[in-house]
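Written below as structure tokens is the structure these notes are about.
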Amino acid sequence: MTLHLHNTYTRQKDPFEPIDAANARMYVCGPTVYDDIHIGNARPLVVFDVLARLLRHEYGNDHVTYVRNITDVDDKIIERAAENGEEIDALTLRTTENFHAAAAAVGCMAPDVEPRATDHIAQMIVLIEDLIGKEHAYEAEGHVLFHVPSMPDYGKLSGRNRDEMIAGARVDVAPYKRDPSDFVLWKPSSDEQPGWDSPWGRGRPGWHLECSAMSAEHLGRSFDIHGGGVDLVFPHHENEIAQSRCAHPDESFARYWVHNGYLMSEGEKMAKSVGNFYTVTDLLDEFPGEALRLALLKSQYRQPLDFSKDGVREARQELNRFYRALGLRQDALDGEEGPKDISYVIPADVVSALEDDLNTPLAIAGLHVAADAVFAAETPEEILRATGALKAAGRLLGLLQMEPEIWFQGDGDAAIDALIAERIAARSAKDFARADEIRDELTAQGIVLEDGAGGTTWRREG
RNA sequence: GGCCCGGUGGCAGAGUGGUUAUGCAGAGGACUGCAAAUCCUUGUACGUCGGUUCGAUUCCGGCCCGGGCCUCCA
């Protein structure tokens, strides 16, 4: 099967055909850097990281451009900096660094380009001028507004018409708007607020503008995939489409709109008052990042996901099984007559699962099949082939790239090694009482022992 | 109120018009000094009520439940 993606714009699964197979291009809405990311923010990160990996698999590593922006100008940032008594630059820098650390911890590769909104103010101003010139935007009281009725097919992405939106509007309409549905492209800044000089006075951009400007700058006015969470479909992506299509009427802008489903936590909407609000950093104190990643990938990306710590624990159990299988590789390599070459052939069922709109749960089932093959393998050749397949499949999902020993034991522990040596001695002397005593002692520390044919190994659990 | 999404076995979670998902947990067995791991076996699944059909968890409609969005605005 070839890659198919569910396209919000067409509301169906479409075969993916890039504009230029030599350069498949994807833009994903990144974070607004006013606070550390929570596990709900991590879902699109991980989902689109898998999509980027899959695209690189399909088109070649150098034939994909993945852009994920940093929004570092936003009223939430201004408010938070004021609350913290912190400079805006300090807040955005710190938050960006934390974001990078969290993304890496959950196994996400860096995007090819990570543009910052504040580095693209000039492009945004040009875009606004273009929209004003084409009579899709107008200036009013220091603001520039996009005039929604100037775009006949506005609302196609989110499937709503203008009358419905006005009927359902909960917010009072600003008096300077020509039409209630018009939205802000540029707004004035007070002296204390961050601002840039513009033809309309000192001000700052509206929320939706940066993505139109930055995607055009780094991917061109037409590109392939635009991604983000479902909560961005309206108004953010709808308005991006309005800005970009009206400014560049001969261009398609994004052709495939891909949106991940919403995340709940412990059965409820995530909220600090409920106690189910987990930042990625907090979770990393308790769990390996890879377990978080697998927990997120165990649901298909469009499905609502109920995140839970129990779910992460289960994901860690699954990873134990995979790493146990991968651990057999070293034994095979250590064999004197064993082959030294490892082939990394991704099982076809894993690829086809991902090609079917990123069916990660089915792909993970394929990982279990691959692990079964490892355990069933008898010769060193078979083990190397099977572990190579498992590891290659894992890499496509951004999993299983650690050395098994590191996964289970971290940096190791001389005291544990000493106790194990003592226990081996006790066992060969048939002093099972002492051997069990040592094992109980280690169990109390969260260390699980395994007496295998190749000796005794251990792992941390807990 | 409008628009949209989802309800699968103890739990998580795929999929399908008639045939085994998969994993985690549980039970029994093999193996083990005992364990752990691994292997084998095992358990009532498809919200509800109708309809279409030879046959629906899978298609259609109603209902119930859960969730999301409904613009920048002080």
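Heavy atoms only: backbone and side chains are in, while hydrogens, waters and symmetry mates are out. In what follows, chains carry the letters A, B, and so on, assigned in the order in which the sequence lines appear, proteins first and then strands, with residues in each chain numbered from 1. It should be emphasised that the depicted structure is a prediction, and the values quoted were computed from it without experimental measurement.
Contact annotation: side chain of A:Asp436 to base of B:G33, donor-acceptor pair present below 3.5 Å. For A:Arg439 against B:A35, a side-chain N or O and a base N or O form a donor-acceptor pair under 3.5 Å. If you check distances only, the side chain of A:Glu79 does reach the base of B:A74 with a donor-acceptor pair under 3.5 Å.
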Which donor-acceptor pairs under 3.5 Å do side chains of residues 441-448 of chain A form with protein atoms, sequence neighbours excluded?
| from | atom 1 | to | atom 2 | distance (Å) |
| --- | --- | --- | --- | --- |
| A:Thr443 | OG1 | A:Arg439 | O | 2.7 |

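Nucleotides B:G26 and B:G1 are separated by 46 Å at their P atoms, to the nearest Å. To the nearest whole angstrom, the two P atoms, one in B:C40 and one in B:C60, are 39 Å apart. The separation of B:C49 from B:C64, taken at their C1' atoms, amounts to 10 Å, rounded to a whole angstrom.
Ring-centre distance between A:Tyr256 and A:Tyr9: not below the 6.0 Å cut-off. Taking the centre of each ring, A:Tyr176 and A:His143 come in below the 6.0 Å mark.
A stacking contact links A:Phe432 to B:G33: the aromatic ring centre lies within less than 5.5 Å of the base's six-membered ring centre, and the planes differ by less than 30°.
Using a 30° and 60° split on the angle between ring planes, A:His236 and A:Trp207 fall in the parallel class, below 30°. Note on ring orientation: taking the six-membered ring where Trp is involved, the planes of A:His226 and A:Trp257 are parallel (angle under 30°, cut-offs 30° and 60°).
For RNA chain B, each stem of at least three Watson-Crick or G-U pairs (distances under 3.5 Å) is given as range with range: B:1-7 with B:64-70, B:10-12 with B:22-24, B:26-30 with B:38-42, B:47-51 with B:59-63.
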Next on the checklist: Run A:Arg459 and A:Glu450 through salt bridge (charged side-chain N to carboxylate O under 4.0 Å, His left out) and show every step you take.
Outcome noted: CA-CA 8 Å; A:Arg459 67 173 187 272; A:Glu450 279 181 41; 2.6 Å; yes

Checklist outcome for this item: Quick tally for nucleotides 19-32 of chain B: nucleotides whose base has a protein heavy atom under 4.0 Å get B, sugar-phosphate-only ones S, the rest -, giving --BSBSS-------

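Side chains of A:His147 and A:Glu135: no donor on one and acceptor on the other come within 3.5 Å.
The phosphate of B:U71 (OP1 or OP2) has no side-chain N or O of A:Asn239 nearer than 4.0 angstrom. Taking side-chain N and O atoms only, A:Lys430 has no distance below 4.0 Å to OP1 or OP2 of B:G33.
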